[in-house]
Amino acid sequence: MALEIAVQDVAGAHAAVAGGADRLELCAALAGTGGLTPSTGMVAAVADALRGTGVGVHVLVRPRAGGFAFTEAEIDVQVRDVRAVLEAGADGVVVGAMTAAGEVDAAALAAFVAAAGGGDVTFHRAIDQVAEPVAVLDTLAAAGVRRVLTSGGAPRAGEALDVLGALAGRGRELGVEIMAGGGVRVQDVPALVGAGVHAVHLSARRTVVADGGPGGGGTSGYDVTDADLVAATRAALDAGTTP
């Protein structure tokens, strides 16, 4: 069972690998926004750091915080970013777009998949806004999506085990991996394994206190990846999936 860790920098990538991650999602501004597109320089640096480890890096492509109904200009930026991060060394991209009516934006998704040029595409938690997520899997599979990150529509993945189980079952039929993510804690892992999901995703963060001073971004500090928390999650996954 795969473990994906959301990281924001090279140090986080090293910590996640040391803790036993199978795959990384690279993004920026996790705490404040839920994640935005990182710079291509960061993508290249993390890809270089992972070389030879067997751990892949999948880059979040999201131009701003807020909802997932994007303008034509925002979709164009994401298409450009998909191409750019893959050229910088990413193994795949994490994307998603919705219409104002709360449905998957099929045209935007098609543009993202085309820009990926056969690269691995994950549809992110925009799916958690959909009323019938299991039914949407057919659309995503037909569009070329390889993986779906979801909490099952709940604030925390551990609160939607029935939905996640149904998604995992349909995902197996379609060849789409269902990855549980959203407020995942180590103690949630056994139940998620029992639900039958294919992978678990979390950020495994802890906060470092650092006062930026006047004009320096405030006193809230910044987040780093906690290798011990990654390792604890890895151990819980292994315990839950070992016969």
Side-chain donor or acceptor of [X] paired with backbone N/O of [Y] under 3.5 Å:
X	Y	result
D22	L3	yes
R206	D226	no
Q8	A29	yes
D238	A235	no
R205	D223	no

Over all atoms of both residues, closest heavy-atom pair of [X] and [Y]:
X	Y	value
V184	L202	O-CD1, 3.9 Å
V186	A236	CG1-CB, 4.1 Å
A160	G152	CB-O, 3.7 Å
T225	S203	CG2-O, 4.4 Å

Does one hydrophobic cluster hold both [X] and [Y], with members joined at side-chain heavy-atom distances below 4.5 Å?
X	Y	result
M179	L164	no
L149	V61	no
F70	V136	yes
L229	V224	no
V94	V200	no

Report task. Test S151 against every option in R125, E159, H201 by the side chain to side chain donor-acceptor pair (under 3.5 Å) rule and name the one that passes. Result ->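 With S151 as partner, R125, E159, H201 yield a single side chain to side chain donor-acceptor pair (under 3.5 Å), made by R125.
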Greater than 12 external heavy atoms within 6.0 Å of [X]'s [atom1]:
X	atom1	result
R172	CZ	yes
Q187	CD	yes
E173	CD	yes

Query raised in the report: How would you list, by chain and number, every residue that makes a side-chain contact (heavy atoms from CB on, under 4.5 Å) with A106, sequence neighbours excluded?
Result: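 Applying side-chain contact (heavy atoms from CB on, under 4.5 Å) to A106 gives none.
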Query raised in the report: Would you call D81 and R62 a salt bridge, taking side-chain N to carboxylate O under 4.0 Å as the test?
Result: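 Salt bridge absent between D81 and R62.
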Query raised in the report: Charged N to carboxylate O under 4.0 angstrom, R23 versus E177?
Result: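 Salt bridge between R23 and E177, a charged N being under 4.0 Å from a carboxylate O: yes.
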Requested in this report: Would you check, one step at a time, whether the test side chain to side chain contact (heavy atoms under 4.5 Å, CB included) holds for V57 with V7?
Outcome: CA-CA 10 Å; V57 57; V7 303; over 6 Å; no
How long is the gap from [atom1] on [X] to [atom2] on [Y], to the nearest 0.5 Å?
X	Y	atom1	atom2	value
R185	R156	CZ	CZ	4.0 Å
T99	Q129	OG1	CD	10.0 Å
L192	M1	CG	CE	6.5 Å
L26	T37	CG	OG1	10.0 Å

Requested in this report: Evaluate the side-chain proximity of L137 to I178: yes if any heavy-atom separation is below 4.5 Å, no if none is.
Outcome: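 Result yes, sub-4.5 Å side-chain heavy-atom pair found.
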**Report entry** Distance-only donor-acceptor check, side chains D128 and T150, under 3.5 Å
**Finding:**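 Distance-only check passes for D128 and T150.
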